[in-house]
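What follows is a short report on a single structure.
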Amino acid sequence: MVAPSACAHKLLSFFPFLLVLLDLQYEGVECGINADVDKHLEMGKKLLAAGQLADALSHFHSAIDGDPDNYLAYYRRATAYLAMGKSKAAIPDLSRVIELKPDFTSARLQRGQLLLKQGKLDEAEEDFKRVLNSNPSDQEEKEATSQLIKSDEIQRMRSQGMEAYNIKDYTTAESLLNVVLETCVWDAEIREVRAECYINQGEPGKAISDLKAASKLRSDNTAAFYKVSRIYYQLGDHEMSLSEIRECLKLDPDHKDCFSHYKQVKKLNKQIQTAEEFIQEGRYEDAIGKYGSVLKTEPNVPAYAALVQERLCHCYSKNQQPTEAIRECSEFLQREPNNVNVLKDRAEAYIQEEMYEEAIRDYETAQQSSENDKQIREGLEKAQRLLKQSQKRDYYKILGVKRNAKKQEIIKAYRKLAQQWHPDNFQDAEEKKRAEKKFIDIASAKEVLTDPEKRSRFDAGEDPLDPESQQGGGGSHFHRGWNQWQGFDPFGSTGPFNFKFHFN
């Protein structure tokens, strides 16, 4: 596709040549008796050559207002319109030039080229033939002949492309229409047909650019806006779908299909926005419920089912619901095995379930697609520390609680185990010795897990009571062997451990 702005830039490069050509051909010709008109034309000419298009256009307007029959004023205004990418406005001016001065071959050649770009091949060919029959210059004759040959070839390929489209041979039709549109860049009809070829070949995303162009090339093209909105909707881009369908309703507020689709997209868009706001606020339960509503609003488009599953994976992981998170994430990853965000969410859920090796695998897979992601790097380091930690002493396992257990649950578990393993409950020397070690572990676990700062360090993979895991080597006595405290009663009131239990 050749953008209109690119064409305008190319035309702008020919301005000096056009102006010189006019001066050579029409030097000395009296185009108007009004001195103000001549002044506006001269000033507009200078501004046009300097690229000050809006100012030049203003002077040409004034020249035409002063002398409505001045063909040169219309021609130069047409040139300004073309430089501004306003080909539709240029064609009426060129037609007026030809009406006022039928032998002005430059205007007719210029109009033929614009009609060719618009896909109006018969009208373009008529202009080129008229140029050849009107005693043109050598350059004009060469250009008209070349354009006539090109137009004839495009006519043939356009006809073949439409025949292929009508028999549903969309691949062949697309190939032929691609060639047509290299020249007929402003042909709205052919763009719409090629868009249908893309859609029928299962590539709706490619159709969007053609349909958007068609919506601008053809006034009041509500059908193009509707189709673009529907495509965006099917692709899961609800925001762009809403934007395009609003454009349709601007053209026709009573358009039945556009209004019906607008209500659907607006509702869905609002639900998704609300769910995302809940996530930003940390209201994951509310977000889960709202995404359930999204599926009820649109149960038939796979893109939204995938979106919901991805966000549920995230919400469950953040809401400390690892079982549900792993289920949703795993189902999503069957379709998109390298989705970085879902891999990170599942890795976090695996950590919550103390499945550290699985978490490490997910982080490593995600890292292959996003090497510089700080969150992945930190998550991987954490999982590796926790795996190493789990091979030593795990305070959660000692108390038999989950990693997301509340403080009240931890204290309850501690009291139960402390009562069970208190050394005074054992008379046999070996059993008492084993109970003493178990009791110290239980007390250590309670100390760490009920202290927010120590628990946070432990959850990050560091044992706050292990000298080896702390910088500086300082640590708690809880990790020392029981035999280091021989010589005093560790459970008495004078030892390093002063435990007081109050059981109901």
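In what follows, residues are counted from 1 in the order of the sequence shown.
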Looking only at heavy atoms, the pair that brings L249 and F259 closest together is CD2-N, 3.8 Å

Those residues at least two apart in sequence (or on a different chain) that pass side chain to side chain donor-acceptor pair (under 3.5 Å) with S229 are S241, H261

Would you say N178's side chain and E174's backbone share a donor-acceptor pair under 3.5 angstrom? yes

Closest heavy-atom pair, S317 versus A349, reported as atoms and distance to 0.1 Å, is OG-N, 3.8 Å

Show your reasoning for whether side chain to side chain contact (heavy atoms under 4.5 Å, CB included) applies to S87 and I91. CA-CA 6 Å; S87 61; I91 291 178; 5.5 Å; no

Taken to the nearest 0.5 Å, the spacing of H238 NE2 from K270 NZ works out to 12.5 Å

Side-chain heavy atoms of L399 within contact of L417, under 4.5 Å: yes

Check: What's the verdict on side chain to side chain contact (heavy atoms under 4.5 Å, CB included) for Y262 and L242, showing C-alpha distance, side-chain angles and the deciding distance?
Finding: CA-CA 7 Å; Y262 168 74; L242 185 60; 3.8 Å; yes

Could you check whether any side-chain N or O of D451 sits under 3.5 Å from a backbone N or O of E447, counting only pairs where one atom can act as donor and the other as acceptor? no

One should read off an interatomic distance between M355 CE and L387 CG, to the nearest 0.5 angstrom, of 12.5 Å

dist Y316:OH -> I288:CD1 (nearest 0.5 Å) comes out at 4.5 Å

Could you tell me if the side chain of I410 sits less than 4.5 Å from the side chain of R455, heavy atoms only? yes

Review point. Does any non-hydrogen side-chain atom of H314 lie less than 4.5 Å from one of E310?
Key: no

Treating K432 as the side-chain partner and F426 as the backbone partner, does any N or O pair qualify as donor plus acceptor under 3.5 Å? yes

Exercise. Do the side chain of N339 and the main chain of L333 share a donor and acceptor less than 3.5 angstrom apart?
Worked result: no

N319 versus E324, side-chain donor and acceptor atoms under 3.5 Å:
no

Output, in order, the C-alpha distance, side-chain angles, deciding distance and verdict of side chain to side chain contact (heavy atoms under 4.5 Å, CB included) for L307 and V294. CA-CA 10 Å; L307 170 66; V294 170; 5.7 Å; no

Smallest heavy-atom separation, A435 atom then P423 atom, equals CB-CA, 4.3 Å

Side chain proximity check, K267 to K263, heavy atoms < 4.5 angstrom:
no

task: Keeping the roles fixed (side chain from R194, backbone from A173), state whether a donor-acceptor pair exists under 3.5 Å.
output: no

Exercise for the section: Decide yes or no on salt bridge (Lys or Arg N to Asp or Glu O under 4.0 Å) for R156 and E153, but give the supporting numbers first. Expected result: CA-CA 5 Å; R156 183 179 62 81; E153 178 66 12; 2.2 Å; yes

Closest non-hydrogen atoms of A405 and V401, given as atom of the first, atom of the second and distance, are CB-CB, 3.8 Å

Practice prompt. Give a yes or no on whether the backbone of R403 and the side-chain of Q352 come within a donor-acceptor separation of less than 3.5 Å.
Written response: no

Next item on the list: Check whether more than 12 heavy atoms from other residues, nucleotides or ligands sit under 6.0 Å from atom CD of E281, and answer yes or no.
Entry: yes

Rounded to the nearest 0.5 angstrom, the CG-CG distance for N300 and L295 is 10.5 Å

The single option from K454, K382, R457 that satisfies side-chain hydrogen bond (donor to acceptor under 3.5 Å, both in side chains) with E462 is R457

For this session: Answer yes if the side chains of Y233 and E298 hold a donor-acceptor pair under 3.5 Å, and no otherwise.
Result: yes

ask   = Are any of the side-chain heavy atoms of Y170 and V193 separated by less than 4.5 Å?
value = no

Applied to residues 326-379, the ring pair (Phe, Tyr, Trp, His ring centres under 6.0 Å) test, sequence neighbours excluded, yields none

For residues 188-212, the ring pair (Phe, Tyr, Trp, His ring centres under 6.0 Å) pairs (sequence neighbours left out) are none

Contacts of S370 meeting side chain to side chain contact (heavy atoms under 4.5 Å, CB included) (sequence neighbours excluded), chain-then-number -> V340, D373, I376

Stepwise, does the salt bridge (Lys or Arg N to Asp or Glu O under 4.0 Å) test hold for R218 with E192? CA-CA 11 Å; R218 182 179 293 167; E192 289 176 344; 3.1 Å; yes

**Asked** Are E331 and C313 side-chain neighbours, meaning at least one heavy-atom pair lies under 4.5 Å?
**Response** no

Measuring only between side-chain heavy atoms, which start at C-beta, is Q264 closer than 4.5 Å to T297? yes

Residues A445 and Y395: closest non-hydrogen pair is CA-CD2, 3.5 Å

Please check if atom NZ in K388 has more than 12 non-hydrogen atoms from other residues, nucleotides or ligands closer than 6.0 Å. no

For the residue pair E247 / S215, report whether a side-chain donor-acceptor contact shorter than 3.5 Å exists. no

In short, A214 meets N221 closest at the heavy-atom pair O-ND2, 3.1 Å

For residues 345-365, the salt bridge (charged side-chain N to carboxylate O under 4.0 Å, His left out) pairs (sequence neighbours left out) are K318-E348, R346-D362, E353-K402

Output for pair (Q118 CD, Q113 CD), nearest 0.5 Å, gives 12.5 Å

Quick one: do the D459 and Y396 side chains pair a donor with an acceptor below 3.5 Å? yes

- Task: Report the C-alpha separation of Y284 and Q320 in whole Å, then their side-chain angles, then the decisive distance to 0.1 Å, and conclude whether the side chain to side chain contact (heavy atoms under 4.5 Å, CB included) test is met.
- Result: CA-CA 10 Å; Y284 299 112; Q320 302 288 307; over 6 Å; no

Kindly indicate whether the side chain of F225, heavy atoms from C-beta on, has any atom under 4.5 Å from the side chain of C258. no

Between the CG atom in L380 and the CZ atom in R377, the distance rounded to the nearest 0.5 Å is 10.0 Å

Hits for salt bridge (charged side-chain N to carboxylate O under 4.0 Å, His left out) against R158, two or more places apart or cross-chain, chain-then-number order -> D187, E189

